Amino acid sequence: MITSRDNDTLKLVRKLLGHRRHRDETGLFAVEGEDLVGAARDAGIEPVHLLVAGETVAPELLERLSTLAHPARAIGVYRRSDLPTAARDTCLALCRLADPGNVGTLVRTADAFGACVALSDGCADPLSPKALRASAGAIFRVPMIGWEDAPGRRVALVAHGGDPLADVDLRPPVTFLLGAERAGLPDEIVTNGYKATIGLPGAAESLNVAAAGAIALYEASRPGAA
């Protein structure tokens, strides 16, 4: 059992939880909580390190590591290369989303509809603690693919000026392009694909990007979507 705060594994976990640069350099990431560790196990993904309070590490040391309001009783370290990467026929392509919570929520939404996720440069890290919590374990099931590998027709979701989403051909393979809430999608991306807008009968001018992604995947999942 680990009883020293100077243990190398604890130092590694602290860096992985706190710094994207360290996650990128090592190809490793850490998840907090028994639910996320269980999701990895159910997906057949083995940890590089598994810290369990009272079993492999002193509970007070794990409490000091945790970023959660209620400290996790388990923390697992995993390889990015062990995550799924095979493309699916429906994809959410996320362009420069800054909020890791939105990224994690969209990964969870992709899981619900059997889609994959592509990330642009400058997007929030899907392996940050906040994104991992928002994904609710979906990170271990949803393929993460390269931006250029996004399949099929590209449909840019724009707040105004696009064809009604319900009128757009959404038969797979299809990729929905989603931009940051404040900046939206870059012009060069919008002009190179189809533009679709979700009609809003209420007073709000636009939707949260995670809500927009969920609606788009729902529309695409309906029988005869075209």
Side-chain angles (χ1 to χ4, degrees), residues 39 43 83-120 122-124 126 131-226:
L83 297 177
T85 57
R88 294 173 175 172
D89 283 345
T90 303
C91 179
L92 292 178
L94 314 183
C95 183
R96 302 175 190 171
L97 267 62
D99 184 350
N102 280 334
V103 171
T105 299
L106 285 163
V107 171
R108 183 178 184 179
T109 302
D111 187 36
F113 288 97
C116 61
V117 171
L119 301 176
S120 75
C123 212
L132 289 167
R133 290 194 295 272
S135 82
I139 194 70
F140 295 109
R141 299 183 293 270
V142 173
M144 308 292 288
I145 65 174
W147 182 263
E148 298 301 325
D149 297 325
R153 301 167 65 252
R154 298 197 169 198
V155 177
L157 294 182
V158 295
H160 308 286
D163 292 332
L165 180 63
D167 296 339
V168 176
D169 183 358
L170 302 180
R171 290 172 296 179
V174 64
T175 290
F176 294 103
L177 304 173
L178 295 162
E181 289 181 44
R182 187 165 294 182
L185 288 164
D187 289 341
E188 63 270 19
I189 290 179
V190 173
T191 56
N192 289 334
Y194 298 88
K195 292 189 293 184
T197 296
I198 298 170
L200 302 177
E205 291 188 1
S206 63
L207 291 168
N208 170 275
V209 65
I215 291 171
L217 288 182
Y218 173 77
E219 285 289 336
S221 72
R222 293 191 303 127

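Quick note: residue numbers are just sequence positions, from 1. Small disclaimer: the values here were computed from a predicted structure and weren't measured.
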Item to check | Where L157 and A212 come nearest, the two heavy atoms and their spacing | outcome: CD1-O, 3.9 Å

Next on the checklist: Testing T90, D169, V168 one by one against V174 for a side chain to side chain contact (heavy atoms under 4.5 Å, CB included), which residue passes?
Outcome noted: T90

Item to check | Trace of the side-chain contact (heavy atoms from CB on, under 4.5 Å) decision for L165 with F176 | outcome: CA-CA 11 Å; L165 180 63; F176 294 103; 4.2 Å; yes

Next on the checklist: Using the salt bridge (charged side-chain N to carboxylate O under 4.0 Å, His left out) criterion, which residues pair with R141? Sequence neighbours excluded.
Outcome noted: D111

Checklist entry - Considering residues at least two apart in sequence or located in another chain, which fulfil the side chain to side chain donor-acceptor pair (under 3.5 Å) criterion with R88? => result none

Checklist entry - Rounded to the nearest 0.5 Å, how far does OG1 of T85 lie from CE of M144? => result 11.0 Å

Next on the checklist: Checking A131 now: which residues fulfil side chain to side chain contact (heavy atoms under 4.5 Å, CB included) with it, not counting sequence neighbours?
Outcome noted: P100, S128

Checklist outcome for this item: On a heavy-atom basis, the closest approach of A118 and W147 is CB-CA, 4.1 Å

Checklist entry - Which distance, rounded to the nearest 0.5 Å, do you find between the OG of S135 and the CG of L106? => result 11.5 Å

Checklist entry - Mind checking what makes side chain to side chain contact (heavy atoms under 4.5 Å, CB included) contact with F113, not counting sequence neighbours? => result T109, L217, Y218, S221

Checklist entry - What distance separates N102 CG from L94 CG, expressed to the nearest 0.5 Å? => result 9.5 Å

Checklist entry - Partners of T197 by side chain to side chain contact (heavy atoms under 4.5 Å, CB included), sequence neighbours excluded? => result V158

Checklist entry - Which heavy atom in G179 sits nearest to a heavy atom in L185, and how many Å separate them? => result N-CD2, 3.5 Å

Next on the checklist: To the closest 0.5 Å, what do you measure between CG (D167) and CD (E219)?
Outcome noted: 9.5 Å

Item to check | Nearest atoms (heavy-atom pairs only) where S120 meets R96 | outcome: OG-N, 2.9 Å

Next on the checklist: If you define the side chain from C-beta out and look only at heavy atoms, does anything of P126 sit under 4.5 Å from I139?
Outcome noted: yes

Checklist entry - How would you list, by chain and number, every residue that makes a side chain to side chain contact (heavy atoms under 4.5 Å, CB included) with P151, sequence neighbours excluded? => result C91, I145, P173, T175

Next on the checklist: Which heavy atom of G213 sits nearest to which heavy atom of L178, and what is that distance?
Outcome noted: CA-CD1, 3.9 Å

Checklist entry - Would a distance-only check, ignoring hydrogens and angles, find a side-chain to backbone donor-acceptor pair under 3.5 Å from R154 to A93? => result no

Next on the checklist: Are there over 12 heavy-atom neighbours, none belonging to R133, within less than 6.0 Å of that residue's CZ?
Outcome noted: yes

Checklist outcome for this item: Nearest heavy-atom approach of A115 to P143 is O-CD, 4.2 Å

Item to check | Steps toward side-chain contact (heavy atoms from CB on, under 4.5 Å) verdict (F140, L83) | outcome: CA-CA 6 Å; F140 295 109; L83 297 177; 3.7 Å; yes

